Participant: 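Below is one structure. I have some questions about it.
Every heavy atom of this structure was used, including side-chain atoms; hydrogens, water molecules and symmetry mates were not. Just follow the structure's listing: the first ligand is 1, and inside any ligand the first atom is 1. Note that the coordinates shown come from a computational prediction; the quantities given were computed from them, not determined experimentally.
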Amino acid sequence: MKRIVFKVGSSVLTNRDEVAKERMLNLVSLIAEARKKYEVILVTSGAVASGYTALKIDRKKAVSKRLLASVGQPILMHSYKNKFDIYGVDIAQILLTEEDFDSRVHTKIFQDIIDSALANGIIPIVNENDISTIPDQLFGDNDQLSAHVAHYTNSDTLIILSDIQGYYEENPKKNPNAKLLQEVNEITNEDLNQEHSPNNEFASGGIVTKLKAAKYMMDNGRSMFLCSGFDLKAAKDFLFSEKYESGTLFRKK
Ligand code: GLU
């Protein structure tokens, strides 16, 4: 069975100070369907944003951000658990930092947990451990984290469910007629030096962090599909019909 990683961002999972329950349910039902054909790992953001639903404190201060993540992580997992229960699927929470990818010992620990969860039919749900780590040990955005998870778990494809539909020839915020690129085979330094602009106050990533993730996947002989997390049709077409008309597939030729 092919192994895939889904990554979903804060802007998809939250809506005006609340967990976007319907979108999460759509995602969970997509995963429940996908696991008939693939081994599925989920990398989710949304801890800090979920924490803010309970506690209105200034997330810009380091301690407040950690507190929001620690309050929000169980809120987030509780929402996932309720929804996966509908499908009778068990989940495992796995919190990682950059250091887990840095030493053979640490890396093997989480690889074994993920392999063993999948072998037991459990969906591993990964987030960055924003709580007890120093900034140097953090990726800071889950785009990089998810690409590393995909590589180190030997997954074929990373699917990033985002608040954008894919990668455009030009910035679609500046030019609404910009053309969506269906397939990208190379990422240049110029691509990586674009303006970095997350669309949501709780999101850490933007198009550049997604391109970095795509480059990392391609450099490691894997692929990445970037598509909408609001409307999951593009993801479904890609997963079940191998069509990728309404998202961007990054892969080396
Ligand atoms: N780990 C952070 C959270 O769950 C999000 C990082 C990101 O936005 O990619 O809130």
Participant: What part of N142 sits under 4.0 Å from ligand 1 if we count only heavy atoms: the side chain, the backbone, both or neither?
Facilitator: both

Participant: What atoms in ligand 1 come closer than 4.0 Å to a heavy atom of V48?
Facilitator: 3 (C), 10 (O)

Participant: Of the backbone atoms (N, CA, C, O) and the side-chain heavy atoms from C-beta on, which set of N127 has a member under 4.0 Å from an atom of ligand 1: side chain, backbone, both, or neither?
Facilitator: side chain

Participant: Under 3.5 Å, is there a donor on one side chain and an acceptor on the other for T53 and D17?
Facilitator: no

Participant: Look at ligand 1 and say whether G46 reaches it with a heavy atom at a distance under 4.0 Å.
Facilitator: yes

Participant: Would you please indicate yes or no on a ring centroid separation below 6.0 angstrom for Y152 and F101?
Facilitator: yes

Participant: Mind checking whether E128 has an N or O less than 3.5 Å away from an N or O of ligand 1?
Facilitator: no

Participant: Do the numbers put K56 on top of the ring of Y52, so that NZ or CZ is under 6.0 Å from the six-membered ring centre and no more than 45° off the axis?
Facilitator: yes

Participant: At less than 4.0 angstrom from any non-hydrogen atom of A47, what atoms of ligand 1 do you find?
Facilitator: 3 (C), 4 (O), 10 (O)

Participant: Consider side chain to side chain contact (heavy atoms under 4.5 Å, CB included). Of I41, L158, V43, L30, which one does F6 pass it with?
Facilitator: L30

Participant: For the side chain to side chain contact (heavy atoms under 4.5 Å, CB included) test, which of D143, V12, L42 pairs with K7?
Facilitator: D143

